[in-house]
Amino acid sequence: MNAGPLTRPDVPDPGARNRTDWPRLAARTLGVPAALLLSREADGSRVERPHGDPSLLGALRAGMDRAMASAEPQAAAGALAVPVRDASGTVLGALAIAEPGRAWKQPDLGLLMELAAGAAAELAARDAMTALRDSEERFRAMFEGAAIGVLVVTMDGRIVQTNAAYREMVRLGEKELHGLEFWKLNHPDDTDGNLSLFRDMAAGRRSSYRVEKRYLLPSGNTIWVHLAASAVRDGAGKPRFCVAMVENVTGRKAAEERLRHDALHDALTDLPNRTLFGTRLAQAAARTGDDGAPRPFAVVFLDLERFKLVTDSLGHLKGDELLRIVAARLLACVGPADTVARFGGDEFVLLLDGVGDAVEAARRAEQIQAALSAPVSLGGYEVFTSASIGVALSADGQGHPDELLRNADAAMYHARSLGAERFAVFTRSMHHESLRRLQLETDLRQAVRRGEFRLVYQPIVELATERTVGWEVLVRWHHPERGLVGPVEFIGVAEDTGLIVPLGRWVLREACRQLAAWEAEYPADDPRFVCVNLSARQFGDARLLQEVEAAVGEHGLRPGSLKLELTESTVMRDPDQAIPLLRRFRALGIPIYLDDFGTGYSSLSLLHQLPLDGLKIDRSFVQRADGTAVVQTIVALARSLGVAIVAEGIEEPAQFAALRAMGCEYGQGYLFARPMDPEQVPASLGRPIAVAAS
Ligand code: C2E
Ligand code: CA
Ligand code: CA
C-alpha cells in the first residue's frame, strides 16, 4: 500500500514498531523463571508468547484459562494469571507468571496487572490497525473498481488520486491528472459557481455539495457531469481532502436539452415557436439602450401568398419543403439579435431588434419581400411565393407586448387587402379595422344561416342594339343593423373564412331559379342569360362542378343560360389545374368569362389554350382617358381568340360611343343601368335601355 491520503498518518504503522516482549518483561520484573502472554487475534486464533522454563507452561496455561473465563486474576500454587482487558473491559488475552512453590503477594499482583495493562494497550492498537487496514482495503477496492468516477483533491484544489472510471471519463492518464488543479478541467462558463462552493467547503462552511457542470476535455469535446463532493476531516474537524463522485450525465443532459428544445421550436423548420417568441418578445420589451431609454424593435407578421396552392397542387411534402426554404431565406435576412419564428401553417413572425421607425421598417420589409420573391424549384416546378407583411413598432408606445403581436397581425391583414406583396405598418385605425373585421366575420357566419343575402341584377347590353341580353348577378347583404353592405366589404372575408362556399352555392341556385322564373313568365325568342361570379376559393372546391350541374338541371335552363365569371388571377394562379376544370364546364355547356381582364398577368400563349367564351374588360381601362389603346388591343385579341367581349363600367355616352366604334359587342355600366332588384327587372324587359336619357 502506498502512503497516500487514504493512509491516515496519525495511526502508527505496526510494521514500523517492535512489539514489546511482555512475558520476558514480566519474568524479569517479578523475578520468576517463566511467563506467558496469550492473546486472541482478530481472526479468532490464539497466540502464545512464552518466556523462560518450558516445563512450567502447563501451570501457566491452567491459570490463564481461568483468568480469561472469569476476567479476574487467578492465583494457584506456582502460577499467577491476570486477564488482559482493553479500555472497555473486553478480554483480549491473559498474562501469567510461574515459580513453583512461591506464595504470591499483593505487590506481585499489582505489578502483573500493570504489565497486563501495557500489553492490553498494544493488543488493542494492533486490532484497531487491522480493522483500519481492512476497511482501507475495502475502500480501495471500491474506489478503483467503481463504475462511477471518483477523485480526491487536496483542499487547495490539486488532484491527488483518481480512479479508472474517472480517468476514462476525462480521457486523461494518472500522470496528467496528478497535481492538476481540478478547475482546469471545467468548462470556462461553469467555473465560477463551482469554485465558490469548493472554497466554502475548504473554509469549513459546508461539508458537501452537488453540482452539474461541464468538463471541457483536451480533445475539445464537452461532457456534462454530476458531481457530489464531500470533505474528509482530520481529528480536529479540519477539512483535509475532498472526495468527489463524478458521473457522466451527457446522455441525460442531451435528452433534456432535446426535450426543452422541442418544446420551444417548430419541428418542421426548427425555428422558435410561438412560446419562445413570446419570451423573446418580453425580453425585447424590457431591454434598454445605453442611454437607459427602451431599445426599439419591430414585430413583423408575414403571410405567404400562394402557399395553399402549393400544398393543394404539389402535396404536403413539397409544401413542407417550401416552408423550410422560406425559413432559411428569412434567417438570411436577419441579424443575430433578431428572431424568426414560425407560428404554424404559413405564418412566420419576426422580431427585429433596433427598428425604431416606419422608414426602417419599410426598408426591412422590402428586403424580406425581395428575398422571398426569388423562384423556388420544387419537384420540377418553379414556384413563386411572396408575402404580405404587417409591421408593428415598439416605438409607438403600445402597451403590452402581446398587443404588438395583434397589431402586426392587423397590419398584415391590411397589407393583404391592399393586394399582393404589400406591407403595412400598424396604425391606430387598423386596430378598429381588425375589430370591425372580427365583428364582420361573426356576423357573416350568421348571415348565411339567416338568409340575409339578396341578389341584384345588372343588365348586360348589346351595344349595337342597346338591348338587354343578360344580367350580371351581384350579391348584397342586408345587415340587420348596418343596412345594405356591398360585396367589396365582405367577399374577401367570406373567402378567408371559407364561408364563400355555402354563400356561393346559394347565389348559384338563386340566380338559376330567378332566370327560370323570368323565362317562364316573359318568354322571348332570344335566350337570355345570368352571369354568376365565382371566387378563387369556390373554383378550387371539388364539389363545384356538381353543384353547377345541379343548379342548371333543377331549373331546366337552356345551355348557355348560366355563364360563370372567373377573374383572370383565379385562372392564372394555376393554369395546369384550371384548364381541365374549364374543359369540363365547357362539356356541360357552361360558358366561362374571364373577369377584370387586363388587370392580371395572363400570358398570351396561355390564353390561347384556355377554353374561354368571353373576356370582360376591366372598367379601369374603359374609364381611363388614355385607355383606348389598351381596349383596342383587347378587342382585337378577343376577336383572334374567337371569344365574346364585354366592356365593364360604362358611365359616359362618349365611352359607349367609342367602344361601339371599336367593335366591342357588349357593355355594362351605370350609363345603362345600375344593378337592380329582381322586382325591377321585368319592367326593363323587351325594350331598349334608355341610354339617351342619361
Ligand atoms: P365585378 O365582378 O367586377 O362586378 C362589377 C362591379 O362593378 C359591381 O360592383 C358593379 O356594381 C360595379 N359596376 C357596374 N357598373 C359600374 C359603373 O358603371 N361604374 C362603376 N364605378 N361601377 C360599376 P359590386 O356589386 O360592388 O361588386 C363588386 C365585386 O364583388 C364584383 O366585381 C365581384 O368581384 C364581387 N361579387 C359580387 N357579387 C358576387 C358573388 O355573388 N360572388 C362572388 N364570388 N363575388 C361577387
Ligand atoms: Ca364580375
Ligand atoms: Ca369585373
Side-chain angles (χ1 to χ4, degrees), residues 417 419 444 447-448 452-461 463 468 470-478 484-512 514-515 529-541 544 547-548 551 562-571 591-600 612-624 627 631 634 644-656 659 666-678 689 691 694:
S417 72
L444 202 56
V448 177
E452 289 171 7
F453 295 103
R454 297 277 179 280
L455 295 182
V456 291
Y457 297 83
Q458 184 177 35
I460 295 174
V461 174
L463 296 186
T468 300
W471 297 270
E472 177 172 9
V473 179
L474 298 159
V475 69
R476 297 287 178 267
W477 180 9
H478 289 265
L484 197 66
V485 183
V488 179
E489 211 176 318
F490 66 82
I491 289 290
V493 180
E495 279 237 289
D496 285 348
T497 52
L499 288 168
I500 193 70
V501 174
L503 172 59
R505 195 180 302 142
W506 176 80
V507 171
L508 261 174
R509 305 187 83 111
E510 176 57 18
C512 290
Q514 182 63 73
L515 181 65
F529 59 86
V530 282
C531 277
V532 170
N533 291 285
L534 284 189
S535 74
R537 179 93 174 234
Q538 286 172 277
F539 191 58
D541 188 59
L544 175 70
E547 281 169 13
V548 170
L562 172 68
K563 302 185 201 288
L564 297 177
E565 293 188 10
L566 284 166
T567 63
E568 200 184 348
S569 53
T570 300
V571 175
I592 306 281
Y593 277 51
L594 211 52
D595 204 355
D596 302 346
F597 189 76
T599 57
L612 293 175
D613 301 279
L615 302 180
K616 294 188 82 172
I617 308 178
D618 192 70
R619 70 163 177 266
S620 57
F621 301 112
V622 172
Q623 293 174 351
R624 253 168 38 195
V631 175
I634 297 175
I645 183 124
V646 185
E648 291 185 314
I650 305 172
E651 293 181 2
E652 307 288 338
Q655 293 162 351
F656 171 34
L659 285 160
Y666 303 103
Q668 188 184 345
Y670 294 169
L671 177 68
F672 308 114
R674 296 203 169 229
M676 53 179 102
D677 288 333
I689 228 119
V691 173
S694 312

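Indexing begins at 1, ligand by ligand and atom by atom, following the structure's order. Counting begins at 1 with the first residue of the sequence.
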**Q** Is atom 32 (O) of ligand 1 close to the protein, meaning a heavy atom under 4.0 Å from it?
**A** no

**Q** What about Y670: any of its N or O atoms under 3.5 Å from an N or O on ligand 1?
**A** yes

**Q** Could you check atom 38 (N) of ligand 1 against the protein and tell me its nearest heavy-atom contact, residue, atom and distance included?
**A** V475 N, 3.2 Å

**Q** Could you check atom 10 (C) of ligand 1 against the protein and tell me its nearest heavy-atom contact, residue, atom and distance included?
**A** L474 CD1, 3.7 Å

**Q** Please report the closest heavy-atom contact between D596 and E568, naming both atoms and the distance.
**A** O-OE1, 3.6 Å

**Q** Quick one: nearest non-hydrogen protein atom to atom 5 (C) of ligand 1, plus distance?
**A** E472 OE1, 4.1 Å

**Q** Looking at every heavy atom in both L562 and C512, which two are closest together, and how far apart are they?
**A** CD2-SG, 4.0 Å

**Q** Atoms of ligand 1 less than 4.0 Å from S535 heavy atoms?
**A** 44 (N)

**Q** Who's closest to atom 44 (N) of ligand 1 heavy-atom-wise, of R674, Q623, Q538, Q655?
**A** Q538

**Q** Taking only heavy atoms of G649, which atoms of ligand 1 are found under 4.0 Å from at least one of them?
**A** 16 (C), 17 (C), 18 (O)

**Q** Taking all heavy atoms of D618 and all of S620, pick out the closest pair and write down the distance.
**A** OD2-OG, 2.7 Å

**Q** Please identify each residue that fulfils salt bridge (Lys or Arg N to Asp or Glu O under 4.0 Å) with E652, with sequence neighbours left out.
**A** none

**Q** Keeping waters out of it, list the protein N, O or S atoms under 3.0 Å from the Ca ion (ligand 2).
**A** E472 OE2, N533 OD1, E565 OE1, D595 OD2

**Q** Less than 4.5 Å apart, any side-chain heavy atom of D677 and any of R454?
**A** no

**Q** Give the single entry among P487, P675, G492, G504 that approaches atom 26 (O) of ligand 1 most closely by any heavy atom.
**A** P487

**Q** Holding to salt bridge (Lys or Arg N to Asp or Glu O under 4.0 Å), I want the full list of residues that pass it with E495, two or more places apart in sequence or in another chain.
**A** none

**Q** Among all protein heavy atoms, pick the one closest to atom 15 (N) of ligand 1 and tell me residue, atom and distance.
**A** Q458 NE2, 2.9 Å

**Q** Please work out whether any backbone atom (N, CA, C, O) or any side-chain heavy atom from C-beta onward of Q668 is under 4.0 Å from ligand 1, and answer side chain, backbone, both or neither.
**A** neither

**Q** Which atoms of ligand 1 have any heavy atom of E648 under 4.0 Å away?
**A** 3 (O)

**Q** Does ligand 1 have a heavy atom under 4.0 Å from the side chain of D595, from its backbone, from both, or from neither?
**A** side chain

**Q** Would you kindly specify which portion of D596 sits under 4.0 Å from ligand 1, judged on non-hydrogen atoms: side chain, backbone, both or neither?
**A** side chain

**Q** In Å and rounded to the nearest 0.5 Å, what is the CG to CG distance from L503 to L508?
**A** 10.0 Å

**Q** Considering only non-hydrogen protein atoms, determine which one is nearest to atom 12 (C) of ligand 1 and report residue, atom name and distance to 0.1 Å.
**A** R619 NH1, 3.7 Å

**Q** Run the contact test for K616 against ligand 1 with a 4.0 Å cut-off on heavy atoms, strictly below, and give the result.
**A** no

**Q** Which ligand 1 atoms, with their elements, are less than 4.0 angstrom from a heavy-atom of V507?
**A** 41 (O)

**Q** Taking it one step at a time, do V456 and R674 satisfy side-chain contact (heavy atoms from CB on, under 4.5 Å)?
**A** CA-CA 9 Å; V456 291; R674 296 203 169 229; over 6 Å; no

**Q** Which heavy-atom pair separates Y457 from P678 by the least distance, and what is that distance?
**A** CE1-CB, 3.8 Å

**Q** Which atoms form the tightest heavy-atom contact between N533 and Q538, and what is the distance?
**A** O-OE1, 4.1 Å

**Q** Would you say the ring centers of F597 and F621 fall short of 6.0 Å from each other?
**A** no

**Q** Can you find a pair of side-chain heavy atoms, one from W506 and one from L455, that are under 4.5 Å apart?
**A** yes

**Q** Parallel under 30°, tilted from 30 to 60°, perpendicular over 60°: which one fits the rings of F490 and F453?
**A** tilted

**Q** Considering only heavy atoms, does R476 approach ligand 1 within less than 4.0 Å through its side chain, its backbone, both, or neither?
**A** side chain

**Q** Could you pull out all residues at least two apart from R509 that satisfy salt bridge (Lys or Arg N to Asp or Glu O under 4.0 Å)?
**A** E554

**Q** In terms of residue, atom name and distance, what is the protein heavy atom nearest to atom 45 (N) of ligand 1?
**A** N533 CB, 3.6 Å

**Q** Could you identify the single nearest non-hydrogen protein atom to atom 19 (N) of ligand 1 and state the distance to 0.1 Å?
**A** E651 OE2, 2.5 Å

**Q** Answer yes or no: is there a donor N or O on one side and an acceptor on the other, between the side chain of Q623 and the main chain of G649, under 3.5 Å?
**A** yes

**Q** Within the 4.5 Å heavy-atom criterion, are L671 and P653 side-chain neighbours or not?
**A** yes

